[in-house]
Visitor: 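Structure incoming, see below.
One is the number of the first residue; the rest follow in order along the sequence.
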Amino acid sequence: MRIDGSGRVQLVASMPVLRPDEQVLQMMLDGWRNQQLSRNEQWIDAKLDGLPDEVRQPVQHFATWHHLRRIRAKAASGAATRGPVHSAKQEITETVKFLIWLHETYERTAATCTQQDVDEWLATGPTTRSAIRTFFVIAKRARLNTTVTIQHRTAKASPSLSQDQLLAWIHELLTGTSESLPYRVAGMLLLLYAQPLVKVVALPTSVVDDADSGMSIRLGTYPTDLPEPFASLIREHAPSRPNLRSGAGPNSPWLFPSTLAGRHLHPNTVMCRLRDLGVNLLGARNRAISELVLECPPLARRESTRLQHAGRLPPCRQGCRTLGPLLRPLHQALSDVRAEMMATVRPSPRTGDTPLPSWRAWAALDSGFDLMPRVGCFPGSS
C-alpha cells in the first residue's frame with residue numbers, strides 16, 4: 001500500500017482507492033445515471049405499447065440495439081447521457097410517426113418502404129422529420145431496408161450574437177442586478193468559455209482552485225485562469241451557493257446545487273432563467289466558439305489540420321492536446337492583458353449607449369493555451 005502525490009491510497013499499482021469525498025461524489029453520479037437509464041427504458045416501453053407489430057418490432061430493435069446500447073456505454077464510461085437520451089427520444093418518436101403514417105397510408109412496412117415514401121414524408125412536414133435518418137442507417141446495416149438513403153440535413157442559418165451583444169451581456173452578468181448570482185455565474189461560463197449549460201450545472205466545486213497566484217477553473221485537461229472581476233463573482237458565489245440549507249446540504253459537492261439531495265441544478269432551470277433575461281443561448285455559444293477559434297494561434301490550427309489529414313486523430317481535439325505543452329508558456333503573458341480587458345467598462349445590453357471596443361482585442365485574451373478547453377478540445381465535449 002502506498003500514497004500517491006494526489007493523496008490517494010493505492011493498494012496495488014494503478015489501482016487507486018478514492019478519498020471519502022470522491023467516493024460520495026462518484027456514488028451520486030452513478031445513482032443519477034442509473035436512474036436516468038431506468039426512466040429511459042420505461043419511456044421506450046410506454047412508447048411502443050399498443051403499436052401494431054409492423055411498427056413496434058423495427059422500432060424496438062432500433063431503440064434497443066442502437067440507442068440503449070449507446071447510452072449504456074456512455075453511462076458506464078462516466079460520460080453525460082442527457083444529450084444522447086434527448087436525441088434518442090426524438091429519433092424514436094419521429095420514427096414511430098413515420099412508420100404509422102406509412103402503414104396507414106400505403107400499407108407498407110419499414111422493410112418494404114421506398115425512397116419515394118421517405119421523400120414525400122420529409123417534403124410535407126417540419127424539419128424534425130429528418131430525425132428518421134438514423135433509423136434507416138441502422139436498417140441498412142441490419143439488411144432490413146437497403147434501398148432508402150437520407151442525406152444529412154444542413155441548417156439554413158446558425159444563430160449568433162453580434163460582437164457588441166456578446167460584450168454587452170458579459171457586462172450585464174458581471175455588474176448587473178437583473179438576475180441572481182448563481183445564474184450570472186453560469187451565464188458567464190457560457191459567454192466567456194462557450195461551455196454548454198448542461199455541463200456547467202454539473203461542475204463540482206473541486207474544479208475551481210483559488211490559490212495565492214490567482215483563481216483557475218479546470219474545464220478540461222488543464223486549468224484556465226479566471227480573470228477579475230469574474231473571479232470575484234465566483235468567490236462570492238461559492239460560499240453562498242443556493243440550497244445549502246435545504247436538500248443539498250452544506251457539504252454539497254456541486255457548484256450549482258439543487259433543492260434535491262445529492263443533485264445539481266437541472267440544466268433547463270438555468271436555460272429558462274437566462275432566456276427570460278433575454279440571452280440567446282445558442283447564439284451566445286456560437287459567437288463565443290467562432291471568435292475563440294478565429295483567435296486560435298496559427299501553429300495550433302496548422303498542426304491540428306495536419307494531423308487530421310494524416311488520419312491520426314479526430315478533428316480539433318487531439319491536435320490541441322498535443323500542443324498543450326507548447327502553448328503553456330503563452331499563458332502567463334496573456335494573463336495581464338486579460339485582466340486589463342476584463343476591467344474595461346461595458347454598457348448594459350438594454351441601453352447600448354457607450355461605444356464598444358473591437359471584439360478581436362477581447363478574444364486575444366484567451367488565445368493559445370487557454371483556448372484548449374473552450375473549443376471542444378477536452379474529453380466528453382461535443
Visitor: Strictly distance-based, threshold 3.5 Å: is any side-chain N or O of D225 a donor or acceptor partner for the main-chain N or O of S216?
Guide: no
Visitor: OG of S162 to CD of Q165: how many Å apart, nearest 0.5 Å?
Guide: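 That separation rounds to 3.5 Å.
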Visitor: Quick one: list whatever passes salt bridge (Lys or Arg N to Asp or Glu O under 4.0 Å) with D49, sequence neighbours left out.
Guide: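 D49 satisfies salt bridge (Lys or Arg N to Asp or Glu O under 4.0 Å) with no other residue.
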Visitor: Is there a donor-acceptor contact under 3.5 Å from the side chain of N40 to the main chain of L68?
Guide: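 It does not hold such a pair.
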Visitor: Sub-3.5 Å donor-acceptor pair from the side chain of R263 to the main-chain atoms of P257, do we have one?
Guide: no
Visitor: Heavy atoms only: give me the nearest L274-G187 pair and the separation to one decimal.
Guide: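 Taking every non-hydrogen atom into account, CD1-CA, 3.9 Å.
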Visitor: For a 4.5 angstrom cut-off between non-hydrogen side-chain atoms, does L191 reach L173?
Guide: yes
Visitor: Could you tabulate the donor-acceptor pairs under 3.5 Å formed by side-chain atoms of residues 231-238, not counting sequence neighbours?
Guide:
residue: S232; atom: OG; partner: E228; partner atom: OE1; Å: 2.4
residue: R235; atom: NE; partner: D210; partner atom: OD1; Å: 3.4
residue: R235; atom: NE; partner: D210; partner atom: OD2; Å: 2.9
residue: R235; atom: NH1; partner: E228; partner atom: OE2; Å: 2.8
residue: R235; atom: NH2; partner: D210; partner atom: OD1; Å: 3.2
residue: H237; atom: NE2; partner: L255; partner atom: O; Å: 2.8

Visitor: Give a yes or no on whether the backbone of T127 and the side-chain of S130 come within a donor-acceptor separation of less than 3.5 Å.
Guide: yes
Visitor: Between M271 and V198, does the side-chain contact (heavy atoms from CB on, under 4.5 Å) criterion hold? Intermediate values first, please.
Guide: CA-CA 9 Å; M271 290 178 185; V198 173; 4.0 Å; yes
Visitor: Is there a path of hydrophobic side-chain contacts, each under 4.5 Å between heavy atoms, that joins L161 and Y193?
Guide: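 Same cluster.
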Visitor: Honestly curious: do L197 and L282 fall in one hydrophobic cluster under the side-chain, below-4.5 Å linking rule?
Guide: no
Visitor: Mind checking whether V148 and T114 have side chains closer than 4.5 Å, heavy atoms only?
Guide: no
Visitor: Specify the closest pair of heavy atoms between K47 and I92, including all atoms of both residues, with the distance to one decimal.
Guide: CG-CG2, 4.4 Å
Visitor: Report yes if some heavy atom in the side chain of V185 is under 4.5 Å from a heavy atom in the side chain of F256; otherwise report no.
Guide: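 Result yes, sub-4.5 Å side-chain heavy-atom pair found.
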Visitor: Between L192 and F230, which heavy-atom pair has the shortest distance, and what is it?
Guide: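 Closest approach of L192 to F230, heavy atoms only: CD1-CD2, 4.0 Å.
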Visitor: Show which side-chain atoms of residues 94-102 pair as donor or acceptor with protein atoms under 3.5 Å away, not counting sequence neighbours.
Guide:
residue: T95; atom: OG1; partner: E91; partner atom: O; Å: 2.7
residue: W101; atom: NE1; partner: T105; partner atom: OG1; Å: 3.3

Visitor: Strictly distance-based, threshold 3.5 Å: is any side-chain N or O of T93 a donor or acceptor partner for the main-chain N or O of K89?
Guide: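 Yes; at least one donor-acceptor contact below 3.5 Å.
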Visitor: Which heavy atom of P58 sits nearest a heavy atom of L144, and at what distance?
Guide: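 It is CB-CD2, 4.2 Å.
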Visitor: Rounded at 0.5 Å granularity, tell me how far OG1 in T269 sits from OH in Y183.
Guide: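 Taking OG1 in T269 and OH in Y183, the distance rounds to 6.0 Å.
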Visitor: Is the backbone of S252 close enough, under 3.5 Å, to the side chain of R241 for a donor and an acceptor to pair up by distance?
Guide: yes
Visitor: Can you tell me how far CG of N243 sits from CG of L265, rounded to the nearest 0.5 angstrom?
Guide: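 The CG atom of N243 is 6.5 Å from CG of L265, to the nearest 0.5 Å.
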Visitor: Looking at Q195 and V200, what are the two nearest heavy atoms and their distance?
Guide: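 Shortest heavy-atom contact: CB-CG2, 3.7 Å.
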Visitor: Which is it for H61 and R56 under the side-chain contact (heavy atoms from CB on, under 4.5 Å) test, yes or no, and what are the steps along the way?
Guide: CA-CA 9 Å; H61 179 274; R56 180 183 56 80; over 6 Å; no
Visitor: N145 side chain to A110 main-chain N or O, any donor-acceptor pair under 3.5 Å?
Guide: yes
Visitor: Can you measure from CG (N286) to CG (L166) and round to the nearest 0.5 angstrom?
Guide: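 Rounded to the nearest 0.5 Å, the CG-CG separation comes out at 11.5 Å.
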Visitor: Under a 4.5 Å cut-off applied to non-hydrogen side-chain atoms, are C113 and F136 in contact?
Guide: yes
Visitor: So do the side chains of Q90 and T128 get within less than 4.5 Å of each other, counting heavy atoms only?
Guide: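 Yes, side chains in contact.
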Visitor: Determine whether V207 and L219 make a side-chain contact, defined as any pair of heavy atoms from C-beta on separated by less than 4.5 Å.
Guide: no
Visitor: Mark yes or no for whether T175, through its side chain, and E172, through its backbone, hold a donor-acceptor pair below 3.5 Å.
Guide: no
Visitor: Considering residues at least two apart in sequence or located in another chain, which fulfil the side chain to side chain contact (heavy atoms under 4.5 Å, CB included) criterion with V137?
Guide: R133, R141
Visitor: Hey, are the side chains of R218 and D209 touching, using non-hydrogen atoms and a 4.5 Å cut-off?
Guide: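 They are not in contact (no side-chain heavy atoms under 4.5 Å apart), so the answer is no.
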Visitor: If you measure from OG on S206 to CH2 on W254, what distance do you get to the nearest 0.5 Å?
Guide: 9.0 Å
Visitor: Under the salt bridge (Lys or Arg N to Asp or Glu O under 4.0 Å) rule, collect the residues that match up with R108, sequence neighbours excluded.
Guide: D117
Visitor: With no hydrogens and no angle check, is any side-chain donor or acceptor of R285 less than 3.5 Å from a backbone partner on L281?
Guide: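 Checking the backbone N and O of L281 against the side chain of R285, no donor-acceptor pair under 3.5 Å is found.
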Visitor: Under the criterion side-chain contact (heavy atoms from CB on, under 4.5 Å), I'd like the reasoning laid out for L48 against Q60: C-alpha separation, chi angles, the key distance, then a yes or no.
Guide: CA-CA 7 Å; L48 300 179; Q60 187 173 34; 3.7 Å; yes
Visitor: Could you check R287 against S160 for side-chain contact (heavy atoms from CB on, under 4.5 Å), going step by step and ending with a plain yes or no?
Guide: CA-CA 5 Å; R287 186 65 186 186; S160 180; 3.4 Å; yes
Visitor: Side chains of T124 and R129: do they bring a donor and an acceptor to under 3.5 Å?
Guide: yes
Visitor: Mind listing the closest non-hydrogen atom pair of S240 and L181 along with its distance?
Guide: OG-CD2, 4.3 Å
Visitor: Taking atom CH2 of W43 and atom CZ of R39, what is their separation to the nearest 0.5 Å?
Guide: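 Going from CH2 on W43 over to CZ on R39, the span is 15.0 Å.
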Visitor: Under a 4.0 Å N-O cut-off, is there an ion pair linking D276 with R273?
Guide: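 No, D276 and R273 are not salt-bridged.
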Visitor: Side chains of Q115 and T149: donor-acceptor distance under 3.5 Å anywhere?
Guide: no
Visitor: Sequence neighbours excluded, which residues qualify as salt bridge (Lys or Arg N to Asp or Glu O under 4.0 Å) partners of E120?
Guide: none
Visitor: Kindly work out whether a path of hydrophobic side-chain contacts (I/L/V/M/F/W/Y, heavy atoms less than 4.5 Å apart) joins L51 to Y106.
Guide: yes
Visitor: Does any N or O in the side chain of S87 come within less than 3.5 Å of the main-chain N or O of G83, such that one atom is a donor and the other an acceptor?
Guide: no
